[in-house]
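For reference, positions follow the sequence shown, starting with 1. Just so it is clear, the structure is predicted and the values come from calculations on it, not from any experiment. Atoms considered below: every heavy atom in the structure, side chains included; atoms not considered: hydrogens, waters and symmetry mates.
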Amino acid sequence: MSACTPTRHDDPHRKEHSHEPHSPPSPRPRGPRLTGADVSASIAVFLIALPLSLGIALATGAPLQAGLVAAAVGGVVVGRLGGAPLQVSGPAAGLTVVTAELIQRYGWRTTCAITVLAGLAQLGLGLLRVARTALAVSPAIVHGMLAGIGVTIAVAQLHIVLGGTPHSSVLLNLRDLPAQLARVQTAALSVSALTLCLLLAWPRLPGRAGRLLRVVPAPLVAVTGATTSAALLGFGLPKVDLPSWSSHALAGFPEGPALGLIAAVLTITLVCSVQSLLGAVAVDKMVAARPALSGRVRRADLDRELLGQGAANVVSGTLGGLPVAGVAVRSTANVNAGAVSRNSTMLHGVLVVIAALLMVPILELIPLASLAALVMAVGIQMVSLHHIRTVTRHREVLVYAVTTVGVVFLGVLEGVALGIGMAVAVALHRLTRTRITHHEKEGVHHVHVRGQLTFLAVPRLSRTLHLVPQGAHAVVELDGSFMDHAAYESLQDWHSTQTAHGGTVELVGRRTGVRIGEPTGPAGLHPDGGTTAPDSSGCRCHPWTPWRNHQCAIPESGGPAQRNDAETTTARAPEDTEHTEPSGLTAKSDALGAPGAPGTPGTPGATVEAPAPPSSPRAPDATTPTANQLARGISAFQRNTAPLVRSELARLAREGQQPSQLFLTCADSRLVTSMITSSGPGDLFVVRNVGNLVPPPGEESGDDSVAAAIEYAVDVLRVRSITVCGHSGCGAMQALLAADQDTAQTPLRRWLRYGGPSVARMADGSRPAARLAGRAAADTVEQLCLTNVIQQLEHLRAHDSVSRALRAGELELHGMYFHVGEAQAYLLSEVHEGEVFDHVGVADLTA
């Protein structure tokens, strides 16, 4: 055992006393102290915020000072009052189109008043604690809105880049673009092109020098480089004009039609709130990706964040600033710079105030063409290819496209309204898209209902059910997660009529033993036509654990004690059962419904239950709960999975197995190889043993089974890769650490001797300790689990067949570690120095 084993369990929430016993406790600090990380992060955010704030103000047609006011208020007010400590707020590009339209329609002072009213509306929503409700807006609508705003910004700023003046609408800007291209101003285009080149090239500087230079934000470098070049070349371009603060316009009394003002307030409130709340959620995810610091930063309080944004808009509008919202670019820079508290956000706002008061002569040297190019780049980036791929994958590209087009050609509020309408239409279409088919096979009539079964599908369901002759045997498969009362009544009436005429009916779901409906009358929806089966009340299967196959270990007898036990027992199917669809069957699996996919109950009277399987012939010896469980699992495969994989297995039977890789892992029941590798029949040649050990070749009294599998896989099957996979909490590694030399040499002890080199490797101080990306091993057992994977790869290389294939470049070796409790896979990296298992995330899987 490790000498460092603690003698007690420490409570992670236990507070340590820093004062002497029996003395008064030291006073708690009132707030987080200003740290060096916060100072450096605030400087980085300030250097980004300064040019962007001026550029956004330019794009809206507002006084340039309004951008600085909004940046300062967003930093100080939201930083102090907001609920997302590391989110940075200020003038956002997503509000550019809305604000520009309001300024042209109502003037600047009324626009400021609208900002104040929108802030008050946000305060009211925050007090009502409805922040989470805003997240119900489909991400496709939000991304489409931002993309439409980005297109509008880019087209408008292109005119300034070319040396002209933009119009108020996208259509006018597109119509006049050919004429603008014919009268391009070379000086403005040169400055803009230099800005864009620096903006794109700076983050991609190579080498160690590039890593040092990239500390300076790219927007600052781009604007500074363009400004310096314009000054050296003597270009006479329009520049930033910051009038005296004494003449700065503040908010006035709103003037205009009441309905128009209300619509404007609602638009500003909607865009600011949704963008800020979604940004707060995104910042939480970024902070969670920093293992060393994630515990030191609290998760966002969305209601408090909404209150902070409302207060900031009230202050910004009153002082003559632009509307304020959470800004993704600055928030990302703040998190990546290592900020640990809200002090970085507040200090960045203070720096903006200092710059607005003391750096006016320097700011007035910036050409407007450079700021326009900067904002145009931001607008282009708002049309994210990643978002387009995501909405396409989730079949919401139509909602995204309608929202984008609506925002571009009609306006933000109109585009969002169109997007919401399209999202509702798509949802209704999916709800009503139910396929009902009927076919006869060997005298049995099969009715397959695929999709949600609602009252809208009842006429088609009734027509199909009446194709089944009275007195015939029928099987109705309901492949969906919802059935309303109208559909339930229709099924129940047909079921009663069919059984009354001597027919038999079997109604099942797509999972093992699923029965549709809790009977509310004399005839329930059960194959025997009678009431509820005696053992159905004891089922407590959970739909979110599909690999458990919804097996219920219910005793044969129905005594009270046994029934109570059955109500709390869910038998687990064999853990290594293959449940993933094989390659080449994706389309078919999606069409028919993957076996074991989770579902949710329907309405009362149409509840999806999962009792024991239907009455079917059983093996003569299937009398114990284990035998019953095995029989249920086989029955489930024959009923649900076999039809989906039969053609693929028939092909493999004809052509023989051609796996692409040998997967050597532990025999632990918690490792489901097909699940964690998304593989199917014919993909993996799997070898499992205690401790995922690879005996070195030539070992005296060695084990030839693993060596035979390796030789067969490499020389006969010609696999292209071999993976050694360890896992957390490995019992073999624990046994190695607790090994006693005096213990009798049992078969297990003799087998574990192949893990001895792993223990020696871990104890060797001259070698770098194996670790996971972002953190060291949690304890000695995990350290040995990681080290064992690396050591067994060394044993693997010593086998003749493997070494020959490696020299010929025909084989790759991979190390893998699976953390069971986190359901997270790690791959041994060849890039990092040392022995590091890199995190495999969602982005890697969808690339």
Side-chain angles (χ1 to χ4, degrees), residues 547 575-590 594-595 641-642 644-668 671-689 692-694 705-727 789-790 792-818 823-831 837-847:
W547 50 85
E575 288 287 355
D576 201 29
T577 304
E578 304 284 339
H579 284 279
T580 332
E581 288 84 281
S583 304
L585 292 182
T586 305
K588 184 176 181 181
S589 298
D590 290 342
T641 309
L644 301 179
V645 300
R646 184 171 288 117
S647 60
E648 179 69 7
L649 290 176
R651 183 188 66 80
L652 291 172
R654 292 191 306 268
E655 302 175 1
Q657 63 168 328
Q658 297 177 350
S660 60
Q661 56 182 308
L662 166 61
F663 199 84
L664 198 152
T665 187
C666 185
D668 192 292
L671 263 70
V672 186
T673 57
S674 60
M675 182 177 69
I676 64 178
T677 59
S678 298
S679 57
D683 292 338
L684 299 181
F685 188 71
V686 182
V687 175
R688 305 186 71 147
N689 60 52
N692 48 275
L693 300 178
V694 181
S705 64
V706 177
I710 294 172
E711 180 181 346
Y712 185 76
V714 175
D715 294 341
V716 180
L717 299 178
R718 301 290 182 182
V719 297
R720 296 186 295 274
S721 70
I722 302 178
T723 302
V724 177
C725 176
H727 67 96
V789 172
I790 299 170
Q792 300 311 314
L793 287 173
E794 295 294 332
H795 291 177
L796 196 59
R797 291 186 181 94
H799 286 261
D800 291 339
S801 56
V802 174
S803 61
R804 287 196 304 270
L806 288 175
R807 287 195 300 270
E810 299 172 350
L811 186 66
E812 296 178 353
L813 300 185
H814 302 287
M816 178 176 168
Y817 178 76
F818 185 73
Q824 178 61 58
Y826 297 84
L827 285 176
L828 184 62
S829 174
E830 299 178 356
V831 178
F837 288 80
D838 258 351
H839 178 277
V840 179
V842 177
D844 302 315
L845 299 177
T846 58

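Glu812 is linked by a side chain to side chain donor-acceptor pair (under 3.5 Å) to His814, counting only residues two or more places apart in sequence or in another chain. A search for side-chain contact (heavy atoms from CB on, under 4.5 Å) contacts involving Ala798 returns Pro697, not counting sequence neighbours. The side chain to side chain donor-acceptor pair (under 3.5 Å) search around Ser705 returns Asp703, not counting sequence neighbours. Qualifying salt bridge (charged side-chain N to carboxylate O under 4.0 Å, His left out) partners for Arg797, counting only residues two or more places apart in sequence or in other chains: Glu794. With sequence neighbours excluded, the residues forming a salt bridge (charged side-chain N to carboxylate O under 4.0 Å, His left out) with Arg804 are Asp715, listed by chain and number. With sequence neighbours excluded, no residue forms a side chain to side chain donor-acceptor pair (under 3.5 Å) with His799.
Scanning all heavy atoms of the two residues, the minimum distance from Arg688 to Thr673 falls at NH1-CG2, 3.9 Å. The two residues Ala709 and Phe685 have their closest heavy-atom pair at O-CE2, 3.7 Å.
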Any chance you could lay out the side chain to side chain contact (heavy atoms under 4.5 Å, CB included) test for Asp838 and Tyr826, step after step, and finish with the verdict? CA-CA 5 Å; Asp838 258 351; Tyr826 297 84; over 6 Å; no
With side chain to side chain contact (heavy atoms under 4.5 Å, CB included) as the criterion, how do Cys725 and Leu671 come out once you've worked through the C-alpha distance, each side chain's angles and the decisive distance to 0.1 Å? CA-CA 10 Å; Cys725 176; Leu671 263 70; 4.2 Å; yes
Side chain to side chain contact (heavy atoms under 4.5 Å, CB included) evaluation trace for Thr665 with Asn689: CA-CA 7 Å; Thr665 187; Asn689 60 52; over 6 Å; no
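The residue from Leu813, Val802, Ile722 that alone fulfils the side-chain contact (heavy atoms from CB on, under 4.5 Å) condition with Leu793 is Leu813.
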